[in-house]
Amino acid sequence: MTKKLLLIDGNSIAFRAFYALYNANGFTSDSGLHTSAIYGFNRMLDKVLAEEEPTKVLVAFDAGKTTFRTAIFSDYKGDRLRTPQELLEQIPYIKELVEDRGIVSYELDNYEADDIIGTFVKLAEDAGDYQTTVITGDRDLTQLSSDTTTVKVTKKGVTELDTFTPEFVKEKLGILPTQIVDFKGLKGDTSDNYPGVTKVGNVTATKLIQQFGSIESIYDNIESVSGKKLKEHLIEDRDKAFNAKKLATINRNSPVGIGLDDIDFNNAKTEKLIKLYKELGFKSFLKNMNTAETKSDFEFNKINYTQLTADNINEINSFDELTIQIELDDENYHQAEMLGFSIGFKDKWFVSNDVDLLKLSPIKSKLEDITVKKNLFDVKKNYVCLHRLGIELKNVDFDMLLVSYLLDTNNNSNDVGTISKLHGYENIRTDDEVYGKGAKKIIDPNSEEFFEHLVHKTYSIDYLHDKMFTKLNDNDQAKLYWDIELPVALVLSKMEINGITVSETTLSEMGSKLQERLSEIEQTIYQEAGEEFNIGSPKQLGVILFDKLKLPVIKKTKTGYSTAVDVLEKLAPDAQIVQNVLEYRQISKLLSTYIDGLIKVINPNDHKIHTRYLQTLTQTGRLSSVDPNLQNIPIRSEDGRKIRKAFVPSDNNWVIFSSDYSQIELRVLASITGDENLQMAFKNGEDIHEATARRIFGLAKDEVVNGDYRRQAKAVNFGIVYGISDYGLSQNTGISRKQAKTFIDKYFAEYPGVKEYMDNIVKQAREYGYVETIANRRRYLPDINNRNFSKRSFAERTAMNTPIQGSAADIIKIAMIKVQEAIKDLDTKMLLQVHDELIFEVPEYELEQIKELIPKVMDSAVKLEVPLKVESNWGHSWYDAK
DNA sequence: GCTTTGATC
DNA sequence: GTCCAGATCAAAGCA
């Protein structure tokens, strides 16, 4: 009977696995070790061991950097980038994994993994009676393929393999496996950094080999080579060719210290393997082991549940803590239909389609009971939904969504299943898996599957409660959760439910006027272009401007010409049509997004817009606003600003009142960097841009700063907040890169504390892998040590910006909580938050009080090393609150 | 579904 | 030399 030998090229498979999964999320263990290569390697092992059913297995590794090849050619593989640290740290674990799975691994000084494999291929062929399979990511090894040896090379990832038999090699390359070394001798190998014969590439090399059979034979018959130049090159590069062949040839007689008898495939060392999987966080592999020990963690495939009805509703009475999940048919919980719910605790779970049951005793009273803890996913959604049912949710303990967001903004999701799996509870599916996604999404609220999924959701929330809270405490983020995020969710729910009144008439009237202007400009553009086309199509516009009118191309996108504003602005002085296009763009933006867009989302019953704030989306801790976005209502252009006239109080005698933090990010910067000069400027109540202008332009203390200096200084101030680069600043201000650089250098010289902070925060990010805000909000920066300049630079800028933007976000959240508390007995309502601004509607009779109260609460929200400054405005509409 | 554009802080 | 300001959302065109 033939014996089955499996030989694996350890380094090359690890390398492939690492990059195949490099960008996937979640491949780090609890201890922060990267695990993508280990994981991929193990997947590959599972697959090939099952397929090949070998009796003998060997995994070969490279040993060190010098080999007999570097002795021949000192630059061998000299061009290779050094192996990334994230991969290097995984190699010992892969060796451990291999051993625990009952497989021998081997490495040999001065030889590469290839040579070990080549030697064992020969040993097996000499012994006869072996079928050998080689697994590798390196095509060079296909030279080993023969009647008894098959070489499988990774095609995609590490589990999809191409099978190279001698026939397949012949078909693919046109030559025999044994001729591959001759082929490479002629061609050289750029990835291993050794040269072949000048001007010989794939085609010529193949032709020569087909004609002569080998390098030796070519030189023996050099006169019959056709082509004068080719012949010259061959003669010239004779040494290179033979050298390259030697480098390409896999050594089949390496002095390996072990033999075929030493590499039997043994049983896995189960205990050690389980320990390793646990350490690495490999849930799915653990699960597949199916041993008594690992099984216990995964045995709750079925969770018992009961249909809740008016008859058994009293069983809820026994709960002194509960978990609840309400299922909706749409993400917009203000209007979505409530399809059903699950409620329960520990081992008692109920489901129902009838959300009206929630209004009945004892459920309603439990939900409103301040002594009964509630666990859920997305507290704000639950507040709003229950409010729609007339229930006031109290005492929320665990919000899995919020906690998950605070733990890691990178690996967050809106899906219970996704987050559960991320935190180690596998027995649940995602909504996409159960309901389908995109256009194919179908929820059947009467199906068994629906109820089961719902119960799995509540169950997993309950299951992960302690575990995730522990992580939160370990990260020192409990205060952030309890004192900021959880209370701010309640404040936001009140704001969303209240909504803001928007006058449809005002919008429609503006719309008609704008529509008229748009039509006029449209006609003018058609005349100027000499034809009608879709001005809104960048593609068609590009054809008109750059092909037909031959305007200079300034920037290209990957699909064609760029027609973005900065490009058009450069063209506008010389082309009237471009000026008109710019105006057309501006107006059509206002019409589609702000006039038509807003009219669509005004609730016809209360004439209000109820946005939804996303509290767990941004990487910095800011809020975002959707359905519609009320955080980007125009203000800069006068035409756009008029949109704000439609945002009015819900009562005629009231006013819109707005308070905003002045320069909050620069104040945060001054505070956290401890820079004395910057702090001094704020403490003295100076105009910060003027103060910076004086410093970087070297003006006297009382000298008047002209507008241009101030403008440039302002750009520098902003640049610093964003994590500056000279290029970015030059682009933004129109100055030269060199000039930008001197500004930045001068800035850092004048504000040395800022410079020191920026250097330190990047260093800190490298060391810990994350940066933090004043409230311990965290942002992980996986790219901070990336070898890709661009990615790394981005991570560095992020390291500088996030503590500033994020701390400002912390501050306004704290302020919102305090403000809401301060106005709770008044009629004044908080309506909107726009990052550094809070907007209210205020009855006339409370205006005097509010004018004092809001700024007072806001500027004392937190204590920084510089004062916070709040400016307030009010008027009959949001437009007039300026 | 992805790309381009443009609105905000 | 890398080619880049930070954070978002929505509409429209196009494949």
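Bear in mind the structure is a predicted one, so any value in this text is a computation, not a measurement.
Per the geometry, CD belonging to A:Q631 stands 13 Å off P belonging to B:dT8, to the nearest Å. Atom CG of A:N717 is separated from atom P of C:dA5 by 19 Å (rounded to the nearest Å). The distance between atom CG of A:L781 and atom C1' of C:dG6, rounded to the nearest whole Å, is 13 Å. What separates CG of A:L591 from P of B:dA7 is a distance of 13 Å, to the nearest Å. Following rounding to the nearest Å, A:L666 (CG) and C:dG6 (C1') show an atom-to-atom distance of 13 Å. Distance, A:K642 NZ to B:dA7 P: 15 Å, rounded to whole Å. A:I587 places its CD1 atom 14 Å from the C1' atom of B:dG6, with the value rounded to the nearest Å. For the pair A:E796 CD and C:dT2 C1', the interatomic distance rounds to 13 Å; values are reported in whole Å.
Among the heavy atoms of the strands lying under 4.0 Å from A:R585 are primed sugar atoms or P, OP1, OP2 only; no base atom is included. A:A799 comes within 4.0 angstrom of nothing in the nucleic acid, heavy atoms only. Residue A:I633 is classed as a sugar-phosphate contact, given heavy-atom separations below 4.0 Å to backbone atoms only. Using a 4.0 Å heavy-atom criterion, one finds that A:V721 contacts no nucleic acid atom at all. A:I635 comes within contact range of the sugar-phosphate backbone alone, with a heavy-atom separation under 4.0 Å but no base atom that close. Looking at heavy-atom distances under 4.0 Å, A:E837 makes no contact with the nucleic acid at all.
By the 6.0 Å and 45° rule, A:K882 stacks over the aromatic ring of A:Y879. Cation-pi contact between A:R612 and A:Y333: present, with separation from the ring centre below 6.0 Å and deviation from the ring axis of at most 45°.
Evaluation of A:Y722 against the base of C:dA5 yields no stacking contact (centre distance < 5.5 Å, interplanar angle < 30° required). Using a 5.5 Å limit on the distance between ring centres and a 30° limit on the angle between planes, the aromatic ring of A:Y727 counts as stacked on the six-membered base ring of C:dC4.
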Give the B/S/- string for nucleotides 8-15 of chain C, one per nucleotide from 5' to 3', where a protein heavy atom under 4.0 Å of the base yields B, of only the sugar-phosphate yields S, and otherwise -.
SSSSSSSS
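Nucleotides C:dA5 and B:dT5, compared at atom P, are 15 Å apart to the nearest Å. Rounded to whole Å, the P atom of C:dC4 lies 13 Å from the corresponding atom of B:dT4.
Looking only at distances, a side-chain donor or acceptor of A:D415 sits under 3.5 Å from a matching main-chain atom of A:D431. Formation of a donor-acceptor pair under 3.5 Å by the A:H689 side chain with backbone atoms of A:A713 is not found in this model. A donor-acceptor distance shorter than 3.5 angstrom exists from the side chain of A:K380 to the backbone of A:Y613, with no hydrogens or angles considered. In terms of modelled atom types and a separation under 3.5 Å, the side chain of A:R667 and the main chain of A:S662 share a donor-acceptor contact.
Between A:D810 and A:K813 there is no salt bridge, since no side-chain nitrogen of the basic residue lies less than 4.0 Å from a carboxylate oxygen of the acidic one. With respect to A:D783 and A:R792, no salt bridge is recorded, no charged nitrogen being found less than 4.0 Å from a carboxylate O.
The side chain of A:S790 contributes no N or O atom lying less than 4.0 Å from OP1 or OP2 of C:dC3. Look at A:T563 and you'll find a side-chain N or O under 4.0 angstrom from OP1 or OP2 of B:dT5. Considering only side-chain N and O atoms, A:R797 lies under 4.0 angstrom from the phosphate OP1 or OP2 of C:dG6. The side chain of A:R641 places no N or O atom within less than 4.0 Å of a non-bridging phosphate oxygen (OP1 or OP2) of B:dA7. Phosphate proximity of C:dC3 to A:R737: absent, as no side-chain N or O sits under 4.0 Å from OP1 or OP2. Within the 4.0 Å cut-off from OP1 or OP2 of B:dT5, at least one side-chain nitrogen or oxygen of A:S562 is found.
The side chain of A:Q805 lies closest to C:dA7 when the candidates are B:dC9, C:dA7, B:dT8.
The closest side-chain heavy-atom distance from A:R710 to A:Q712 is not below 4.5 Å.
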